[in-house]
Amino acid sequence: MSKSEKSDLQAVHSVSMGEIQDFISHRTTIGGMQNLDSIAVHDNKKTGKLLVEAQANLELAQETGYTPELRRNFSVISLLGVGFGLTNSWFGISASLITSISSGGPMMVIYGIIIVASISMCVAITLSELVSSMPNAGGQYYWTMKLAPKKYAPFASYMCGAFAWAGSVFTSASVTLSIASSVVGMYMLCHPEKTIQTWHVFVTYEIANILLVFFNIWEKPLPAISKSSLYISLSSFVIITIVILSKASGDFQPAKFVFVEFTNGTGWSSSGIAFIVGLINPNWSFSCLDAATHLSEELLDPRRQIPIAIIGTVVIGFVTSFTYSIAMFFSIKDLESIYNSNTGVPIMDIFYQVVNNKAGAVCLEVLILLTAIGCNIASHTWQARLCWSFARDNGLPGSTYWAKVNPRTGVPVNAHLMSCAWCAVIGCIYMGSTTAYNAMVIGCIIFLLLSYSVPTIFLLMKGRDNIKHGPFWMGKIGYFSNIVVILWTVFTTVFYSFPPVMPVTAGNMNYVCVVIGVFGAYCVIYWFARGKNKFTTVEDREAKIDELTHQLSNQISNLEVILSHTKES
């Protein structure tokens, strides 16, 4: 390798490329290969892995012009751990049950799961087709950049990226609030003479947000943490379901109570509106399906692996949430007492009714809490990647700082900390409104659906057959799914902005329309004031392809030479 080539490689600040280059440098000299015959055979495996990683890096650079910056250490299982660990449908039903339990009761949740899971499969197919065709950590905002007409691509891509990142932050906030509510609820169950104060939940929220920051500081343990989150979630689901059904001792509610009776406790005179408001619960339980797409640059074969994770998330989510909900609702003893409970955690009230023991109910709720913690960690992983990828295209104020990958820990620490700081700010909403949780959940849903619809609209405008198809492509089913995604986005944006209860007061008003409006206005103002002059376009990015390809090709050539010698030895 020449001095100029080595200098070029060192000039690129990349954890991924740097690690590969360090490996090569330890086995070479500037003048050529040195003592390769003495390299231990055990280097063969590592060299082979790095070669596959370098080839994946080269493919990314050739197609996009992005510098590969992150290590490719995630497998399908660890990726599914992030995808399902975040979506975690059965946990979502438990955490946001308070929304649906008064908007139609058990029946609403059961049929809501079927409706939303069907629509979520359309979302999953749409996202899987796009990521299989154009894998990139930027996900939906990158696809928009590639699909939109050249004249509108920068602005549309910028707005899509801003909404996607906002959706991820609201998701983390909503999960953190569910953790805080769970902790406070367990205390209240054991101390029924107490009354929940808003500040109790708020302080717990902020403490949880700070403590959970540390899990996403280092890259190496993340795949293992993701796998653990998956196993904890599925184990908790099985344990809770078995315990509740066995403790119910055959004393179940009639099928009519679970599948037929509609209980409207929202104050809306229209049962239809009450039902739609109640859909927020199952919809949140199947949201965030794009999470796996933002790990595209941390996988060896993202075109195939990510669709498996996304589709698998929906399938596992439906099976677990549907069976779990049926088991819980058949086991309810007194629905009215759940409405009047002081814990703020309806699922724990169900546990207590069935096991008739506070310690037992708390133990089951601890399993929910552990699942929620895994969900929050996955959400932080996702929001950090979204923030980082958007910042490397100068989509945020101070992007130079947020786009840095920490060379010691291997992750975008700055983007992670900044995103968590905004979660702390959003938590302050809870102090001003008792329906803040509902607003966070809705903000998560609508922001993300809007970000999915933007590239989908441009995909249909460009023509589905006018892009390079990836290994996952569903033809007419994909076209149908695209239409469903767009229509569902319009539907939810309108109806999910309705107040959750009537009559409306300042304390129970649904402020999500205000949040979306204010954030959207800020994005537009920032774009015209500064963003349009800073944002990196496709043309700017692809201008770097030749240079990156040259650097990465040299790495591959050197790794191939090293591998050939280790095989011979």
Side-chain angles (χ1 to χ4, degrees), residues 64-66 130 134 136-171 173 290 294 383-404 412 414-415 418-419 421-423 425-426 429 439 442-462 486 489-490 492-494 497 511-544:
T64 67
Y66 285 93
L130 287 167
M134 297 172 281
N136 186 279
Q140 50 267 51
Y141 96 83
Y142 173 76
W143 305 329
T144 302
M145 193 184 296
K146 296 287 288 184
L147 296 171
K150 184 177 180 180
K151 181 179 180 181
Y152 305 107
F155 177 68
S157 176
Y158 162 76
M159 291 298 292
C160 182
F163 275 31
W165 178 62
S168 69
V169 174
F170 269 88
T171 301
D290 65 301
H294 302 290
Q383 72 176 13
R385 301 308 186 276
L386 247 172
C387 180
W388 162 74
S389 61
F390 194 40
R392 67 181 176 176
D393 281 322
N394 294 311
L396 296 168
S399 285
T400 302
Y401 189 69
W402 315 128
K404 290 181 179 179
N414 295 346
M418 194 266 279
S419 298
W422 276 109
C423 288
V425 172
I426 292 174
I429 297 174
I442 299 170
C444 151
I445 295 169
I446 295 180
F447 274 128
L448 291 176
L449 283 175
L450 287 171
S451 75
Y452 302 161
S453 291
V454 173
T456 304
I457 290 170
F458 287 122
L459 171 64
L460 296 179
M461 289 175 60
K462 187 179 183 70
I486 296 170
T489 301
V490 175
T492 54
T493 302
V494 173
S497 298
Y511 291 100
V512 72
C513 54
V514 177
V515 172
I516 293 173
V518 170
F519 183 76
Y522 158 77
C523 291
V524 172
I525 293 172
Y526 177 78
W527 172 259
F528 286 104
R530 189 171 182 270
K532 67 179 180 179
N533 298 320
K534 298 288 185 180
F535 195 64
T536 306
T537 64
V538 170
E539 293 75 23
D540 296 334
R541 183 63 63 183
E542 292 181 349
K544 302 178 181 179

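Residue numbers run from 1 in the order of the sequence given. Any value given below was found using the heavy atoms of this structure, including those in side chains, with hydrogens, waters and symmetry copies removed.
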*Plane angle bin for F155 and F528 - parallel if under 30°, tilted between 30 and 60°, otherwise perpendicular*: tilted
_Closest contact, heavy atoms only, P455 versus L147_ = O-CD1, 3.5 Å
*How about M159 and V524: do any of their side-chain heavy atoms sit closer than 4.5 Å?*
yes
_Side chains of W527 and P154, heavy atoms from C-beta outward: is any pair under 4.5 Å?_
yes
_Could you report the tightest heavy-atom contact between F170 and G443, atom names first, then the distance?_
CB-C, 4.2 Å
*Give the minimum heavy-atom separation between C423 and V169, together with the two atoms involved.*
SG-O, 3.7 Å
*Compute the ring centroids of F447 and F519, then answer whether they are less than 6.0 Å apart.*
yes
*Looking only at atom types and distance, does a side-chain atom of Y158 sit under 3.5 Å from a main-chain N or O of C523, one as donor and one as acceptor?*
yes
*Kindly say whether L450 contributes a backbone atom to a donor-acceptor pair with the side chain of T489 at under 3.5 angstrom?*
no
*State, to 0.1 Å, how close S451 and Q140 come at their nearest heavy-atom pair, and which atoms those are.*
OG-NE2, 2.9 Å
*asked:* Distance check, rounded to the nearest 0.5 Å: L460 atom CG versus I486 atom CD1?
replied: 5.0 Å
*Is any side-chain heavy atom of S389 closer than 4.5 Å to a side-chain heavy atom of Y142?*
no
_Whether the side chain of W402 engages the backbone of W388 through a donor-acceptor N/O pair (distance < 3.5 Å, no angle test) should be reported._
no
_How close do M418 and C387 get, counting heavy atoms only, and between which atoms?_
CE-SG, 3.6 Å
*How many angstroms lie between atom OH of Y511 and atom CD1 of I442, to the nearest 0.5 angstrom?*
13.0 Å
_Suppose the criterion is side chain to side chain donor-acceptor pair (under 3.5 Å): which pairs have a residue in residues 530-544, not counting sequence neighbours?_
K146-E542, D393-R541, N394-T536, Y526-R530, T537-E539, T537-D540
*If we only count heavy atoms from C-beta on, is the L448 to T171 side-chain gap below 4.5 Å?*
yes
*Which heavy atom in T492 sits nearest to a heavy atom in I446, and how many Å separate them?*
O-CD1, 3.9 Å
_W165 and F390 aromatic centres sub-6.0 Å_ = no
*Could you tell me whether a side-chain N or O of S399 sits under 3.5 Å from a main-chain N or O of L396, the two making a donor and an acceptor?*
yes
*asked:* If I take atom CZ from residue F458 and atom OG1 from residue T144, how far apart are they, to the nearest 0.5 angstrom?
replied: 7.0 Å
